[in-house]
Chemist: 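One structure, as structure tokens, below. Some questions next.
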Amino acid sequence: MANYYSDHPEIGFYLNHPLMARIVELKEKGFADAKEYDYAPVDLGDAIENYKQILDITGDVAANIIAPNSESVDLEGPHLENGRMIYASKTFENLDATRKAGLWGVSMPRRYGGLNLPNAVFSMLSEIISAADAGFQNIWSLQSCIDTLYEFGSEEQRQKYIPRVCAGEGMSMDLTEPDAGSDLQRVMLKATFDEKDNCWRLNGVKRFITNGDSDIHLVLARSEEGTKDGRGLSMFIYDKRNGGVNVRHIEHKLGIHGSPTCELTYKNAKAELCGSTRLGLIKYVMALMNGARLGIAAQSVGVEQEAYNEALAYAKERQQFGDKIINFPAVYDMLSRMKAKLDAGRSLLYQTACYVDIYKCLEDIERDRKLTPEEKQEMKKYQRLADAFTPLAKGMNSEYANQNAYDAISIHGGSGFIMEYKSQRLYRDARIFSIYEGTTQLQVVAAIRYISNGTMLQNIKEMASSVCCDNVTTNLTALKARVEKLIPIYEDALTYAKELGNQDAFDFLARRLYDMTCELVMSLLIIRDAAKAPELFEKSANVYVRMAEENVIGKAAYIKNFHVEDLESFKAAEAPVEA
């Protein structure tokens, strides 16, 4: 029987990540839960076995329930009925299966009914479910909104809402409005305090809300009258049981059809303040968005994997000119690049997830006791790394998902353009990944300060020095040496771009600097992984480093031959025609 976890040993490899022992130590807080919960682990080995069991259950549900339902869900989609969103019929089966499997509230502490899983394992679950159906992964993974409520809500709110999510109730984050997309400072949904009922009331419209008719919403609203920027925004909790919010419209989208994207009208809806006023955008949404961006990275890796699977299976079967097309150089070149992007992207995902885990675990510990000076330093270190790597993981994996889905169709040829083949759905689903939760261009904006100030260059140099290829194949040692030769080329291009002394020119070149940064980081990560498991990753390391050489050298040449006056050549080619 198929299993989306055990069929892909590359996923389980990251349970042995170098940071995993520290993550488990922090997450389990000395394994104190073992005294109270018989299913809590007693040591590191026990924790890893628990993770494997949960991943295996998820792999089974994904392969044998969610994946078989995906075509029906894609065709039917959700619909609107009397101001309410109704899921596609097979989505209800998926929800029932994941609830019965205990796959809700998985990141939450056991005292609230959760499984206390680290973010790295949650990302593995997300990847697996996305490979089965990226649209359903959206619905399921939004349970991670509860992390923000756990982090910033009161204990009363935690006890009220977290057990409901652990039991399988859905969540949404209601941020975007018709006039406030990426620019969330323009949010105008109004929040006013009702003295009589001692609650907040929300009025206005939200648009493009994923899973918008969920049970529990986190809502960004303007609580400070007369303000027009982010300092007037607060975060609120809206409970669907209280009424006051209707679905006005469900968007008809290119892909992820099973994931309802709603326009909502708030009419005097009762809500609770989450945390403090005026920190909604500045603090809480930033935490919410960083979690969501890592979720999209995991979603992207799942589709990268499934696109590769579909392309590989078709290439093995399809015969042309008397031979299987997998034996044609043009085809196996494409397949090898798909696999290399998948493996390198996955490594970046779990590296980032581990960084997030360490600092989030230490933040959680700090709620109970004062951290030692060493722990504070550790928390700051990994928070900086998480902030620097999250836009890399989201941006590059969302682009790779699009590229792999595109190539899967190419390998299918004309059949890939036919709706009966899965590759067309993967292609449609993937297109949103590089758009929502911050476009790739916005990921570049988020990452560029760490690139321009030399932080990422230092990280790359440290990674290069720490990757150990001793006692492994000569090939990996040679690959590492080739990557090391690219670092000064990258550094030289970065210096040149900064020395242009023109912000517009630097911003214009930023995407190329971002791509080079990611390609160097992923080259080193995949070499590191190949040194530990050559049977899984050595081929991908060989292919990915060649791709990185091609791209880094080419982009460096572009940057080094760019001049400020060249900007004029790229501005609107067609000026408005005068009447």
Chemist: For Q185 and R231, which I'm curious about, is there any donor-acceptor pair between the side chains at under 3.5 Å?
Modeler: no
Chemist: Is there a side chain to side chain donor-acceptor pair (under 3.5 Å) between Q305 and N309? Walk through the geometry before answering.
Modeler: CA-CA 6 Å; Q305 177 73 68; N309 290 349; 2.9 Å; yes
Chemist: Heavy-atom count check: over 12 atoms from other residues, nucleotides or ligands less than 6.0 Å from R428 CZ?
Modeler: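 More than 12 within 6.0 Å, yes.
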Chemist: Quick check: closest heavy atoms across A180 and L184, and the distance to 0.1 Å?
Modeler: O-CD2, 4.2 Å
Chemist: Is it the case that over 12 heavy atoms from other parts of the model lie below 6.0 angstrom from the NZ atom of K498?
Modeler: yes
Chemist: Taking atom types as modelled, is there a side-chain donor on Y421 or E310 under 3.5 Å from an acceptor on the other?
Modeler: no
Chemist: Has the side chain of K394 got a donor or acceptor atom that lies under 3.5 Å from a matching backbone atom of G438?
Modeler: yes
Chemist: For the atom pair CD1 (I365) and CD (E375), what is the distance rounded to the nearest 0.5 Å?
Modeler: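 Going from CD1 on I365 over to CD on E375, the span is 6.0 Å.
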Chemist: For D507, what residues pass the side chain to side chain donor-acceptor pair (under 3.5 Å) criterion, not counting sequence neighbours?
Modeler: Q503
Chemist: Inspect the surroundings of CZ in F328 and state if more than 12 heavy atoms from other residues, nucleotides or ligands are less than 6.0 Å away.
Modeler: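 Enclosed: over 12 neighbouring heavy atoms sit under 6.0 Å from CZ of F328.
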Chemist: When you compare the side chains of D429 and H257, does any donor N or O come within less than 3.5 Å of an acceptor on the partner?
Modeler: no
Chemist: Taking NZ, NE, NH1 and NH2 as the nitrogens, is one of them in E304 or K341 under 4.0 Å from a carboxylate oxygen of the other?
Modeler: no
Chemist: Is the OH atom of Y406 crowded by more than 12 outside heavy atoms at less than 6.0 Å?
Modeler: no
Chemist: Are R346 and Y14 in a cation-pi contact, defined as NZ or CZ under 6.0 Å from the six-membered ring centre and within 45° of the axis?
Modeler: no
Chemist: Examine distances only and state if a side-chain atom of D133 and a backbone atom of A67 form a donor-acceptor pair shorter than 3.5 Å.
Modeler: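 Not a single qualifying donor-acceptor pair exists.
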Chemist: May I ask you to say whether E366 pairs ionically with K376, meaning some side-chain N is under 4.0 Å from a carboxylate O?
Modeler: no
Chemist: Which residues satisfy the side chain to side chain donor-acceptor pair (under 3.5 Å) test with S540, sequence neighbours excluded?
Modeler: D343
Chemist: Would a distance-only check, ignoring hydrogens and angles, find a side-chain to backbone donor-acceptor pair under 3.5 Å from N561 to A557?
Modeler: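 Judged by distance alone, yes, a pair lies under 3.5 Å.
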Chemist: Where the side chain of Q299 meets the backbone of A134, is there a donor-acceptor pair that is under 3.5 Å apart?
Modeler: yes
Chemist: Can you tell if the side chain of S172 reaches within under 4.5 Å of the side chain of I209, non-hydrogen atoms only?
Modeler: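 Yes, at least one pair of side-chain atoms sits under 4.5 Å.
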Chemist: How long is the gap from CD on E538 to CG on L536, to the nearest 0.5 Å?
Modeler: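 Here the interatomic distance stands at 11.0 Å.
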Chemist: Answer yes or no: is there a side-chain heavy-atom contact under 4.5 Å between Q143 and M171?
Modeler: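 They are not in contact (no side-chain heavy atoms under 4.5 Å apart), so the answer is no.
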Chemist: With sequence neighbours left out, write down each residue that passes ring pair (Phe, Tyr, Trp, His ring centres under 6.0 Å) with Y284, or none if nothing qualifies.
Modeler: F152
Chemist: Is the Y558 ring parallel, tilted or perpendicular to the F562 ring (thresholds 30°, 60°)?
Modeler: parallel
Chemist: Of all the heavy-atom pairs spanning A541 and L476, show the shortest one and how long it is.
Modeler: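 Closest approach of A541 to L476, heavy atoms only: CB-CD2, 4.2 Å.
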Chemist: Please give me the minimum heavy-atom distance between G181 and T176, naming the atom from each residue.
Modeler: CA-CG2, 3.9 Å
Chemist: Could you check N459 against L385 for side-chain contact (heavy atoms from CB on, under 4.5 Å), going step by step and ending with a plain yes or no?
Modeler: CA-CA 9 Å; N459 286 337; L385 285 166; 3.8 Å; yes
Chemist: Do the charged groups of E519 and K555 touch, with an N to O distance under 4.0 Å?
Modeler: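 So E519 pairs with K555 through a salt bridge.
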Chemist: Under the salt bridge (charged side-chain N to carboxylate O under 4.0 Å, His left out) criterion, do E568 and K571 qualify, and how do the steps go?
Modeler: CA-CA 5 Å; E568 293 302 318; K571 292 182 179 176; 3.2 Å; yes
Chemist: Quick check: does any side chain N or O of N402 sit under 3.5 Å from a backbone N or O of A430, one acting as donor and the other as acceptor?
Modeler: yes
Chemist: May I ask you to test the S70-R425 pair for a side-chain heavy-atom distance under 4.5 Å?
Modeler: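 Yes - at least one pair of side-chain heavy atoms lies under 4.5 Å apart.
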Chemist: Is the number of heavy atoms from other residues, nucleotides or ligands within 6.0 Å of CZ (R22) greater than 12?
Modeler: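 Check passes, neighbour count above 12.
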Chemist: So how far is it from D364 CG to K27 NZ, rounded to the nearest 0.5 Å?
Modeler: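 These two atoms lie 6.5 Å from each other.
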Chemist: What is the distance from atom OG of S144 to atom CG of L288, rounded to the nearest 0.5 Å?
Modeler: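 Here the interatomic distance stands at 7.5 Å.
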Chemist: Please check this pair: side chain of N397 against backbone of A298, looking for a donor-acceptor N/O pair closer than 3.5 Å.
Modeler: no
Chemist: Within a strict 4.5 Å, meaning less than it, do heavy atoms of the K560 and D492 side chains meet?
Modeler: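 SC-SC contact between K560 and D492 confirmed.
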Chemist: Can you list everything that forms a ring pair (Phe, Tyr, Trp, His ring centres under 6.0 Å) with F122? Sequence neighbours excluded, please.
Modeler: W140
Chemist: Testing the basics here: between K316 and K324, what is the closest heavy-atom pair and its distance to 0.1 Å?
Modeler: O-CD, 3.2 Å
Chemist: Which of these, Y350, Y382, Y355, sits in a ring pair (Phe, Tyr, Trp, His ring centres under 6.0 Å) with F389?
Modeler: Y355
Chemist: Could you check if a side-chain atom of S182 sits within less than 4.5 angstrom of a side-chain atom of L442, using non-hydrogen atoms only?
Modeler: yes
Chemist: Taking the side chain as C-beta and beyond, is there a heavy-atom pair between I129 and I66 under 4.5 Å?
Modeler: yes
Chemist: Would you confirm whether K480, through its side chain, and I527, through its main-chain N or O, come within 3.5 Å as a donor-acceptor pair?
Modeler: no
Chemist: Please round to the nearest 0.5 Å and tell me the distance separating atom CG of L567 and atom CG of N502.
Modeler: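 Answer rounded to 0.5 Å: 6.0 Å.
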Chemist: Would you please say whether a donor-acceptor pair under 3.5 Å links the side chains of H412 and Q424?
Modeler: no
Chemist: Indicate whether the side chain of T517 and that of Y490 have a donor and an acceptor atom separated by less than 3.5 Å.
Modeler: yes
Chemist: Under the 3.5 angstrom rule, does the side chain of N404 hit a backbone N or O of A307 as a donor-acceptor pair?
Modeler: no
Chemist: Between the side chain of D357 and the main-chain N/O of N119, is any donor-acceptor distance below 3.5 Å?
Modeler: yes
Chemist: Quick one: SG on C145 to CG on L218, what's the gap to the nearest 0.5 Å?
Modeler: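 That separation rounds to 5.5 Å.
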Chemist: Could you walk me through whether R528 and Q351 pass side chain to side chain donor-acceptor pair (under 3.5 Å), step by step?
Modeler: CA-CA 12 Å; R528 178 201 67 185; Q351 185 76 10; 2.8 Å; yes
Chemist: Looking only at atom types and distance, does a side-chain atom of H17 sit under 3.5 Å from a main-chain N or O of L19, one as donor and one as acceptor?
Modeler: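 Judged by distance alone, yes, a pair lies under 3.5 Å.
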Chemist: Would you say that more than 12 heavy atoms from the other residues, nucleotides or ligands in this model lie under 6.0 Å from the NZ of K539, or not?
Modeler: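 No.
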Chemist: Is M124 close to L15 at the side-chain level, that is, under 4.5 Å between some pair of heavy atoms?
Modeler: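 Touching, per the 4.5 Å side-chain cut-off.
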Chemist: Taking Y514 as the fixed residue, which of I451, V445, L509 is the one that meets the side-chain contact (heavy atoms from CB on, under 4.5 Å) rule?
Modeler: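 Of the listed residues I451, V445, L509, the side-chain contact (heavy atoms from CB on, under 4.5 Å) partner of Y514 is I451.
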Chemist: Indicate the atoms forming the closest heavy-atom contact of S107 with D147, along with that distance.
Modeler: OG-OD1, 2.7 Å
Chemist: Decide yes or no for R337 and Q403: does some side-chain heavy atom of the first lie under 4.5 Å from some side-chain heavy atom of the second?
Modeler: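 A side-chain contact under 4.5 Å is absent here.
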Chemist: Give me the atom names and distance for the closest heavy-atom approach of I325 to I411.
Modeler: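 Looking at all heavy atoms of both residues, the shortest contact is CD1-O, 3.7 Å.
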Chemist: Sequence neighbours excluded, which residues qualify as side-chain contact (heavy atoms from CB on, under 4.5 Å) partners of T210?
Modeler: N138, L142, S259
Chemist: Who are the side chain to side chain donor-acceptor pair (under 3.5 Å) partners of E437, not counting sequence neighbours?
Modeler: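 For E437 there are no side chain to side chain donor-acceptor pair (under 3.5 Å) partners, ignoring immediate neighbours.
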